[in-house]
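Down below is the structure, laid out as structure tokens.
A quick note: this is a predicted structure, and the numbers were derived from the prediction, not measured.
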There are 2 protein chains.
Amino acid sequence: MGAAGRRNLPTSEELATWRAHVETFDIVRARIESRLHQDSKLSSGDYRVLLALSEADGSTVRSSELAAHIEWERSRLSGHLGRMEKRGLVRREPCAEDARGSRVLLTAEGARAFRASTVPHLQAIKEIFVDAFTPRQLADLDETAAAVRRHLDLDSPRPRSSDVPNSPTGETS
Amino acid sequence: MGAAGRRNLPTSEELATWRAHVETFDIVRARIESRLHQDSKLSSGDYRVLLALSEADGSTVRSSELAAHIEWERSRLSGHLGRMEKRGLVRREPCAEDARGSRVLLTAEGARAFRASTVPHLQAIKEIFVDAFTPRQLADLDETAAAVRRHLDLDSPRPRSSDVPNSPTGETS
DNA sequence: CACGGATGATTCACGTGTCAATCAACTGGT
DNA sequence: ACCAGTTGATTGACACGTGAATCATCCGTG
């Protein structure tokens, strides 16, 4: 065996697990997003923006707060809002308090689209993802995600400034 | 109450599991890809193409076979190869047997880049993904992926034509 | 109040993905 | 040999993501 001390490499089983995991959950995600798009003509990005906006007081948020809330880069949000604005889902207007900023607001059209999308979207998550598992497996999934977060130290760096007194049910996709 | 029979909706715990799963493994993937890019200036798409090519007989494949092998849309592969060609990783030349087709070949540069990338990439998968779990959890992950594939009927529609007698270790990312 | 540095937001260049359209070259049936 | 229909591959239009650059406004300090 010319094996000169193998380094920190995965076994082929571990590699297969990784690949299967990625491939499988990519398909799950694609199915859920495709259903959202069929049902409501919304992308998951649209959904996330509309969710945050509809939860906001007066259906309006400062653009940078929105970006922070959904954890997007500002330029990403900027571009996405541009597209959504063209479709009439949101509107942007200059901000009174701070002349640099802008204020994003939900249009009636956007609110309607979001309202119509939520139940089918949640159903899709249930049918495509949740229903694939036993309760035990769901608990295992929770635990594996938690294990990853511990492994990568993703839990400590949570405390955002002193903002966000009580985050009201932040949905994701 | 006004509750008119809730439909097939996930509980908030189930929804939280879904969101945590997506977010967490997005980060895992991003870290692995970011490391691949730092180490080797390759994207996961590049890696997948180079892997398939380096496994191919004579480091050359018909473009459409490549697309089928890695399960990409043909236009996606076309665009990706264009970019890779600009960077000198692959080359395309007209195909003798079929004047419509083209033949993709690995350049020395591409082979070198791929060779240099594999060990660090596999290490990253081990360190970032595999090492987060106990062996038991890894087995659970295999089983959850399998459960999804059964749930979505992803295993039956496998048989591709009569081609591909024995697929030789198709790596993914 | 003036100035320099932080901050809000957009823009640009580019990589990446999808789908429809295009176009040439192959194929089979007559 | 010819035409129709399929197939190999590219292209174009668009959605989406990242990072750097830009630009105006704000703010703390002298």
Side-chain angles (χ1 to χ4, degrees), chain A residues 22-23 26-27 29-31 33-34 36-38 40-49 60-87 89-105 160-161 163 173, chain B residues 23 26-27 29-31 33-34 36-38 40-49 60-87 89-105 161 163 173:
Chain A
V22 170
E23 273 175 35
D26 270 358
I27 293 171
R29 197 202 301 236
R31 294 246 181 142
E33 289 185 358
S34 141
L36 176 61
H37 196 267
Q38 288 179 325
S40 317
K41 298 295 197 175
L42 296 177
S43 71
S44 63
D46 298 336
Y47 188 86
R48 190 148 171 170
V49 168
T60 176
V61 206
R62 285 290 301 276
S63 179
S64 82
E65 285 170 26
L66 181 50
H69 184 56
I70 64 183
E71 298 183 278
W72 279 12
E73 298 239 345
R74 330 190 71 285
S75 70
R76 175 181 180 185
L77 180 59
S78 193
H80 207 98
L81 288 177
R83 268 170 268 134
M84 290 180 75
E85 198 165 22
K86 258 192 290 192
R87 293 190 289 148
L89 298 170
V90 301
R91 214 149 38 76
R92 273 180 295 193
E93 55 184 37
C95 182
E97 312 93 304
D98 186 335
R100 292 168 301 189
S102 56
R103 183 160 282 291
V104 187
L105 36 153
R160 291 225 164 277
S161 201
D163 212 48
S173 101
Chain B
E23 273 175 37
D26 270 357
I27 293 171
R29 196 203 301 235
R31 294 245 182 144
E33 289 185 358
S34 141
L36 176 61
H37 195 266
Q38 288 180 326
S40 317
K41 299 296 199 174
L42 297 177
S43 69
S44 62
D46 299 335
Y47 188 86
R48 190 148 172 169
V49 168
T60 176
V61 207
R62 286 289 302 277
S63 179
S64 83
E65 285 170 25
L66 181 51
H69 184 57
I70 64 184
E71 298 183 275
W72 279 13
E73 299 238 344
R74 332 194 67 280
S75 70
R76 176 183 179 183
L77 180 59
S78 192
H80 207 98
L81 288 176
R83 269 171 267 134
M84 290 179 76
E85 198 165 22
K86 258 192 291 192
R87 294 191 289 149
L89 299 170
V90 300
R91 217 151 36 77
R92 273 179 295 192
E93 56 184 36
C95 183
E97 312 93 305
D98 186 336
R100 292 168 300 189
S102 55
R103 183 160 281 291
V104 186
L105 36 155
S161 200
D163 212 45
S173 102

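Residue contacts for A:R103: at a heavy-atom cut-off of 4.0 Å it reaches no nucleic acid atom on any strand shown. Within the nucleic acid shown, B:R92 comes within 4.0 Å of sugar-phosphate atoms alone, with no base atom in reach, counting heavy atoms only.
In terms of the side-chain contact (heavy atoms from CB on, under 4.5 Å) criterion, residue partners of B:S64 (sequence neighbours excluded) are, by chain and number, B:R74. Among residues two or more places apart in sequence or in another chain, the side-chain contact (heavy atoms from CB on, under 4.5 Å) test is passed with A:S43 by A:D46, A:H80. Residues satisfying the side-chain contact (heavy atoms from CB on, under 4.5 Å) test with B:R100, not counting sequence neighbours, are B:D98. Residues meeting the salt bridge (charged side-chain N to carboxylate O under 4.0 Å, His left out) test with A:R92, sequence neighbours left out: A:E85. In terms of the side-chain contact (heavy atoms from CB on, under 4.5 Å) criterion, residue partners of B:T60 (sequence neighbours excluded) are, by chain and number, B:R103, B:L105.
Along DNA chain D, the nucleotide nearest to A:R87 and the one nearest to A:A99 differ in position, and the one closer to the 5' end is contacted by A:R87. Between A:R100 and B:E65, it is B:E65 whose nearest contact on DNA chain D lies nearer the 5' terminus.
From the 5' end on, the contacts that DNA chain C makes with chain B at under 4.0 Å to a non-hydrogen atom open and close at C:dG15 to C:dC26. First and last contacts of DNA chain D with chain A, using any nucleotide atom under 4.0 Å from a protein heavy atom and ordered 5' to 3', fall at D:dA15 to D:dC26.
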side-chain contact (heavy atoms from CB on, under 4.5 Å) for B:L66 and B:W72? Distances and angles first, verdict last.
CA-CA 8 Å; B:L66 181 51; B:W72 279 13; over 6 Å; no
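B:R29 has a carboxylate O that lies under 4.0 Å from a charged side-chain N of A:D26, or vice versa, which qualifies the two as a salt bridge. The pair B:R31-B:E33 does not meet the salt-bridge criterion, since no charged nitrogen lies less than 4.0 angstrom from a carboxylate oxygen.
Atom CZ of B:R62 is separated from atom NE2 of B:H69 by 16.0 Å, given to the nearest 0.5 angstrom.
A heavy atom lying under 4.0 Å from DNA chain D marks the following residues of residues 73-85 of chain B, by number: B:R74, B:S75, B:S78.
Counting heavy atoms from C-beta outward, A:L89 and A:L42 have side chains that approach closer than 4.5 Å.
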